[in-house]
Amino acid sequence: MQNYADAIKEYAENHATGLTVALVTGVGLLALRRWMAGGVCKSKAMLEGKTVLITGANTGIGKETALDMAQRGARVILACRDMNRARIAADEIRQKSGNGNVVVKKLDLASLQSIRDLARDVQGTESRLDILINNAGIMMCPKWETEDGFEMQFGVNHLGHFLLTNCLLDLLKKSAPSRIVLVSSLAHERGHIHFDDINLDKDYKPEVSYRQSKLANVLFAKELAARLKGTGVSVYSLHPGVIRTELGRYLLPTLALWKRILASVFMKIVKNPWEGAQTTIYCAVDENVANESGLYYSDCAPKTPAPQALDDDAAKKLWDLSASMVGLA
Ligand SMILES: NC(=O)c1ccc[n+]([C@@H]2O[C@H](COP(=O)([O-])OP(=O)(O)OC[C@H]3O[C@@H](n4cnc5c(N)ncnc54)[C@H](OP(=O)(O)O)[C@@H]3O)[C@@H](O)[C@H]2O)c1
Ligand SMILES: *[C@@H]1O[C@H](CO)[C@@H](O)[C@H](O)[C@H]1NC(C)=O
């Protein structure tokens with residue numbers, strides 16, 4: 001035994017620097033990972049008898065959020081554009097949660113017709129809607145257009161959810177107290193609403209469009225909350241964290257090889273989808289925020305968004321522009 005101890009001691013003395021570096025790096029990485037993991041929703045609220053609709057719930061944090069809602073006993077509607085992937089996700093959620101009340105409905109947010117069809121279906125067949133989670137998103141794609149000629153990221157991330165929410169408001173009001181959650185992003189902090197060139201026709205940059213669409217989410221939440229005051233419908237916007245999902249699918253192929261390698265290492269330490277869903281779940285169910293509306297959250301706590309996301313005039317102007325673009329009176 002003594003020999004072993006001596007050998008270890010000798011090894012440690014000879015490799016002191018290396019061991020210290022390894023230890024500090026290890027502890028540092030663990031601390032970084034813990035910090036990345038962010039907040040957890042601690043609410044035990046159950047949702048029996050309640051209905052939740054989630055957009056883009058076939059993958060990523062939307063799927064994790066849907067699973068959590070199913071585990072709480074809600075009727076869960078996965079509103080997705082790819083019915084095949086949606087059915088596979090619904091099967092998985094039913095199986096993992098033991099809740100059979102999980103259904104899929106077709107929704108392509110890049111089509112105003114599809115949004116109106118889904119809303120009509122839901123208004124006509126669902127007796128209530130307690131929680132609407134506007135989660136679907138597309139990031140940094142090439143300059144694409146929606147069916148109605150809107151720039152894709154602004155069209156899907158903002159305009160699509162703007163119309164969907166407005167079409168479902170009556171049902172949400174009837175089911176009050178109810179909640180609307182908008183999954184935005186930290187990216188809004190560097191965003192601007194290009195009121196004079198909303199589709200970025202003059203100079204399209206994928207990141208500029210993404211930031212604009214995520215700023216629009218926060219401004220929409222703020223203006224919607226003001227309009228819904230006194231109705232019992234609360235509105236929340238949030239940054240979910242940096243998460244290992246499919247969101248980078250259009251961005252990654254455009255990066256240089258070394259950046260892709262760096263990104264794949266970075267992706268190992270960021271949030272997993274379960275961690276990434278926590279702030280959405282918090283906004284959707286936590287009792288502590290039941291009486292709050294129009295605020296922005298990150299890591300299961302309120303956060304002050306960027307100054308341009310607190311601009312009341314911009315929020316009103318964006319509402320009017322959006323309403324005219326999607327053809328709402
Ligand atoms: N991941 C992050 O680090 C991060 C950071 C900040 C904010 N966010 C936000 O979190 C939300 C969820 O993203 P995620 O990370 O979970 O990404 P994801 O894995 O790519 O999931 C995005 C979801 O949106 C759906 N979607 C895209 N275009 C759609 C359309 N036209 N109609 C209907 N559904 C559509 C996708 O459907 P398909 O599978 O059919 O494409 C998919 O279900 C997004 O709003 C995103 O901006 C994510
Ligand atoms: C929210 O408001 C209701 C009604 O005024 C009150 O009963 C409840 O305690 C409030 N909840 C919180 C977390 O403040």
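No experiment lies behind these values; they were computed from the predicted model shown. Counting starts at 1 for both ligands and their atoms, in listed order. What's counted below: heavy atoms across the whole structure, side chains too, no hydrogens, waters or symmetry copies.
Listed here is the closest heavy atom pair of Arg128 and Gly49: CD-O, 3.4 Å. Shown here for Lys105 and Val122, the closest heavy-atom pair between the two residues is CD-CG2, 4.0 Å. Minimum heavy-atom separation, Arg190 to His192: O-CD2, 4.0 Å. Contact detail for Leu310 and Pro305: the closest heavy-atom pair is CD2-CG, 3.8 Å.
Under the 4.5 Å side-chain heavy-atom criterion for grouping Ile, Leu, Val, Met, Phe, Trp and Tyr, Val235 is not connected to Met69 through any hydrophobic cluster. Residues Val76 and Leu171 do not share a hydrophobic cluster, clusters being chains of Ile/Leu/Val/Met/Phe/Trp/Tyr side chains in contact below 4.5 Å.
Heavy-atom separations between Ser184 and ligand 1 include at least one value shorter than 4.0 Å. For Pro240, the closest heavy-atom approach to ligand 1 falls below 4.0 Å.
With hydrogens left out, the protein atom closest to atom 20 (O) of ligand 1 is Arg249 NH2, 3.1 Å, a heavy atom. Arg81 CZ, 3.6 Å is the protein heavy atom nearest to atom 28 (N) of ligand 1. Looking at atom 2 (C) of ligand 1, its nearest protein heavy atom turns out to be Ile243 N, 3.6 Å. Of all protein heavy atoms, the one lying nearest to atom 14 (P) of ligand 1 is Thr245 OG1, 3.5 Å. Considering only non-hydrogen protein atoms, atom 32 (N) of ligand 1 sits nearest to Leu109 N, 2.9 Å. Among all non-hydrogen protein atoms, the one lying nearest atom 2 (O) of ligand 2 is Asn291 ND2, 2.4 Å. Looking from atom 22 (C) of ligand 1 to the surrounding protein, the closest heavy atom is Gly137 O, 3.6 Å. Remark: minimum distance from atom 5 (C) of ligand 1 to any protein heavy atom is reached at Gly241 O, 3.0 Å. If you check which protein heavy atom lies closest to atom 31 (N) of ligand 1, you get Asp108 OD1, 3.0 Å.
In summary, the side chains of Ser213 and Asn157 do present a donor paired with an acceptor at a separation below 3.5 Å, with no hydrogens or angles considered. Between the side chains of Asp299 and Thr279, no donor-acceptor pair of N or O atoms lies under 3.5 Å. Side-chain contact of Ser234 with Glu292: a donor-acceptor pair under 3.5 Å is absent, judged by distance alone. When only modelled atom types and interatomic distance are considered, Thr55 and His161 share a side-chain donor-acceptor pair under 3.5 Å.
When the heavy-atom distances from atom 25 (C) of ligand 1 to Ser185, Ser114, Gly56 are ranked, the shortest goes to Gly56. Of the listed options Leu107, Val183, Val270, Leu107 places a heavy atom closest to atom 33 (C) of ligand 1. Evaluated by nearest non-hydrogen atom to atom 12 (C) of ligand 1, the leading choice among Asn135, Thr65, Asn84 is Asn135.
Contact atoms of ligand 1 toward Gly60: 16 (O), 19 (O) (distance under 4.0 Å to a heavy atom of the residue). Each of the atoms 24 (O), 25 (C), 26 (N), 34 (N), 35 (C), 45 (O) of ligand 1 lies under 4.0 Å from some heavy atom of Ala136. Counting atoms of ligand 1 from 1 in the listed order, those under 4.0 Å from a heavy atom of Thr59 are 19 (O), 21 (O), 39 (O), 42 (C), 43 (O). Atoms of ligand 1 lying under 4.0 Å from any heavy atom of Lys214, numbered from 1 in the order shown and given with element: 44 (C), 45 (O), 46 (C), 47 (O). Close contacts of ligand 2 with Glu287, meaning ligand atoms under 4.0 Å from a residue heavy atom, involve 13 (C). Taking every heavy atom of Ala110 and a limit of under 4.0 angstrom, the matching atoms of ligand 1 come to 31 (N).
A side chain to side chain donor-acceptor pair (under 3.5 Å) with Glu92 is found for one member of Lys96, Arg94, Gln95 and no other, namely Lys96. Of the listed residues (Leu219, Val218, Asn217), just one forms a side chain to side chain contact (heavy atoms under 4.5 Å, CB included) with His188, and that residue is Val218.
The side chain of Arg85, and not its backbone, has at least one atom closer than 4.0 Å to an atom of ligand 1 (non-hydrogen atoms only; side chain from C-beta on). Contacts with ligand 1 closer than 4.0 Å are made by no heavy atom of Lys271, backbone or side chain. At a heavy-atom cutoff of 4.0 Å, ligand 1 is contacted by the side chain of Tyr210 but not by its backbone.
Shown here, atom 14 (O) of ligand 2 is in close reach of the protein: a heavy atom of it lies under 4.0 Å off. Inside a 4.0 Å radius of atom 5 (O) of ligand 2 there is not any protein heavy atom. Contact annotation for atom 11 (N) of ligand 2: protein present (non-hydrogen atoms, distance under 4.0 Å).
No N or O atom of Val242 sits closer than 3.5 Å to an N or O atom of ligand 1. For ligand 1, the polar-atom distance check against Ile138 finds no nitrogen or oxygen pair separated by under 3.5 Å. By the 3.5 Å distance cut-off applied to N or O atoms, Ile61 is counted among the residues near ligand 1.
The environment of Lys50 atom NZ is sparse: at most 12 non-hydrogen atoms of other residues, nucleotides or ligands sit within 6.0 angstrom.
Judged purely by atom type and a 3.5 angstrom limit, Arg75 has no side-chain atom pairing as donor or acceptor with the backbone of Asn101.
Remark: Lys303 is not positioned above the aromatic ring of Tyr297, lacking an NZ or CZ atom under 6.0 angstrom from the ring centre and at most 45 degrees off the axis.
Using cut-offs of 30° and 60° on the angle between ring planes, the pair Phe162 and Trp319 is perpendicular.
Trp144 and Tyr250 have their aromatic ring centers within a separation under 6.0 angstrom.
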